Amino acid sequence: MSYTSWRGVVGLIKPTMRTGSLEEFIRLLPEGIGVIPLFLQIKRGDEDEFREALRAYESRVDDLAAQKVDLIHPEGAPPFMVQGYKGEQEIVRQWEKKHQIPVVTAGMTQVEALKALKAKKVLGVTYFTGEINNTFTRYFTEAGFEIVGMEGI
C-alpha cells in the first residue's frame, strides 16, 4: 500500500487524544489520501468547554491551512453544535474565505447524511445526558429536521 498523498491531504482536528477513531478514519479513506492530524485537549465534555474550544479549533485550522492541505475536517460535533446550525455555517464560511480551503465539520456530515436519506423526522441518541441534548435538538431543528427525541444513554 502506498502512503503517498497523490490524491490530496486532509487536515484533521481531533477533539481528544484518544486512540481508535483516527485509525478508523484513515482506514476509510481511499489510497492516495494523506492525513495531517492535530489534537485538542477536550476533557470535561460540557457545554462551556465546547464553547471555549472554538478558539483552539480556529488556531488548528490556521495551522493546517499553513500546511496547504486540500480539506480541513474539524471533528467533534458538540463544539460546533453549541454554536447553532447557522452559527456553525458562519464560522465555516469565515474559515473558508480566510484560507480558500474547504472545511467540513462532523455536524455538517451528519446533516448531509440525513438529507441524503431524505429524513424528515429524527430520533437522536447521544452519549451525553442532560441539557446539552436540548442544544443538539436546536441544532438539528435549525437544520430543518423535526426532532422527535434526543436522548442520552
Side-chain angles (χ1 to χ4, degrees), residues 1-120 122 124 126-128 132 134-145 147 150:
M1 179 176 192
S2 171
Y3 288 98
T4 60
S5 304
W6 58 273
R7 284 191 168 144
V9 177
V10 175
L12 190 64
I13 304 168
K14 305 289 294 173
T16 64
M17 295 183 102
R18 295 182 194 139
T19 62
S21 65
L22 174 60
E23 296 87 348
E24 291 300 320
F25 178 82
I26 292 169
R27 284 185 194 112
L28 290 171
L29 294 174
E31 186 174 343
I33 303 285
V35 176
I36 298 176
L38 299 180
F39 299 87
L40 303 181
Q41 295 285 332
I42 292 178
K43 291 187 182 356
R44 293 187 321 269
D46 60 34
E47 196 159 344
D48 288 337
E49 184 179 36
F50 293 143
R51 289 186 189 285
E52 294 165 8
L54 191 60
R55 284 187 297 274
Y57 273 103
E58 185 163 14
S59 172
R60 301 311 188 285
V61 166
D62 292 346
D63 292 343
L64 291 167
Q67 295 300 312
K68 301 192 183 327
V69 298
D70 299 294
L71 174 74
I72 298 173
H73 179 44
E75 286 189 355
F80 295 93
M81 288 182 177
V82 298
Q83 310 301 322
Y85 180 71
K86 291 177 183 171
E88 174 191 54
Q89 287 183 318
E90 180 58 24
I91 291 163
V92 167
R93 187 193 66 73
Q94 289 176 11
W95 288 344
E96 289 179 335
K97 182 178 179 184
K98 178 179 179 181
H99 298 297
Q100 300 297 302
I101 298 171
V103 175
V104 60
T105 68
M108 292 167 68
T109 63
Q110 292 176 31
V111 168
E112 290 303 312
L114 290 167
K115 287 180 179 181
L117 293 170
K118 298 183 181 356
K120 304 286 185 223
V122 175
T126 77
Y127 61 84
F128 293 95
I132 193 147
N134 294 330
T135 300
F136 301 154
T137 296
R138 283 190 297 276
Y139 174 90
F140 285 107
T141 299
E142 197 176 329
F145 300 99
I147 303 304
M150 186 67 67

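Keep in mind the model is a prediction, meaning the values are calculated, not measured.
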- request: Dump the intermediate steps for side-chain contact (heavy atoms from CB on, under 4.5 Å) on Ile132 and Phe50, then the final yes or no.
  value: CA-CA 10 Å; Ile132 193 147; Phe50 293 143; 3.5 Å; yes
query: Do Phe136 and Thr126 pass the side-chain contact (heavy atoms from CB on, under 4.5 Å) test, and can you show the C-alpha distance, the side-chain angles, and the key distance before you say yes or no?
result: CA-CA 9 Å; Phe136 301 154; Thr126 77; 3.8 Å; yes
task: Could you check Phe80 against Met108 for side-chain contact (heavy atoms from CB on, under 4.5 Å), going step by step and ending with a plain yes or no?
output: CA-CA 9 Å; Phe80 295 93; Met108 292 167 68; over 6 Å; no
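Taking CG of Leu29 as the start and OG of Ser5 as the end, the distance is 10.5 Å to the nearest 0.5 Å. The structure places CG of Leu71 at 9.0 Å from CD1 of Ile101, a figure rounded to the nearest 0.5 Å. One finds the CD atom of Glu49 at 5.5 Å from the CD1 atom of Ile42 (value rounded to the nearest 0.5 Å). How far OG1 of Thr137 is from CD1 of Ile147: 6.0 Å, rounded to the nearest 0.5 Å. Distance check, rounded to the nearest 0.5 Å: CG of Leu28 to CD1 of Ile33 gives 12.5 Å. The structure places CD1 of Ile91 at 8.5 Å from CD of Glu58, a figure rounded to the nearest 0.5 Å.
Heavy-atom minimum distance, Ala143 versus Lys115: O-CE, 4.1 Å. Here the closest heavy-atom approach between residue Gln110 and residue Ala77 is recorded as NE2-CB, 3.7 Å. In terms of heavy atoms, Gly76 sits closest to Pro15 at CA-CG, 3.9 Å. Contact between Ala106 and His73 at its shortest, heavy atoms only, is N-CE1, 3.8 Å. Taking each heavy atom of Ile36 and Gln67 in turn, the nearest pair found is CD1-CB, 4.2 Å. Across all non-hydrogen atoms, the minimal contact from Ala56 to Leu40 is CB-CD2, 3.6 Å.
Remark: Asp62 engages Lys98 in a salt bridge, criterion side-chain N to carboxylate O under 4.0 Å.
Side-chain contact between Leu64 and Leu12 is absent, with no heavy-atom pair separated by less than 4.5 Å. In this structure, the side chains of Glu52 and Arg44 come closer than 4.5 Å at one or more pairs of heavy atoms. Side-chain contact between Phe25 and Val35: present, with at least one pair of heavy atoms (C-beta onward) separated by less than 4.5 Å. The shortest side-chain heavy-atom distance between Tyr139 and Val82 does not fall under the 4.5 Å cut-off. Looking only at side-chain heavy atoms (C-beta outward), Trp95 and Pro74 come within less than 4.5 Å of each other. Two residues are said to be in side-chain contact when any heavy atoms from C-beta on lie closer than 4.5 Å; Phe39 and Leu22 meet this criterion.
Ring centroids of Phe145 and Tyr85 are separated by 6.0 Å or more, keeping the two rings apart.
Contacts classified as salt bridge (Lys or Arg N to Asp or Glu O under 4.0 Å) and involving residues 76-94 (residues at least two apart or in different chains) are given here: Glu90-Arg93. Screening residues 10-20 for side chain to side chain donor-acceptor pair (under 3.5 Å), with sequence neighbours left out, gives Lys14-Ser21, Lys14-Glu75.
For the residue pair Thr135/Arg138, the side-chain donor-acceptor check at 3.5 Å is satisfied.
For Lys118, the side-chain hydrogen bond (donor to acceptor under 3.5 Å, both in side chains) test picks out no residue, with sequence neighbours left out.
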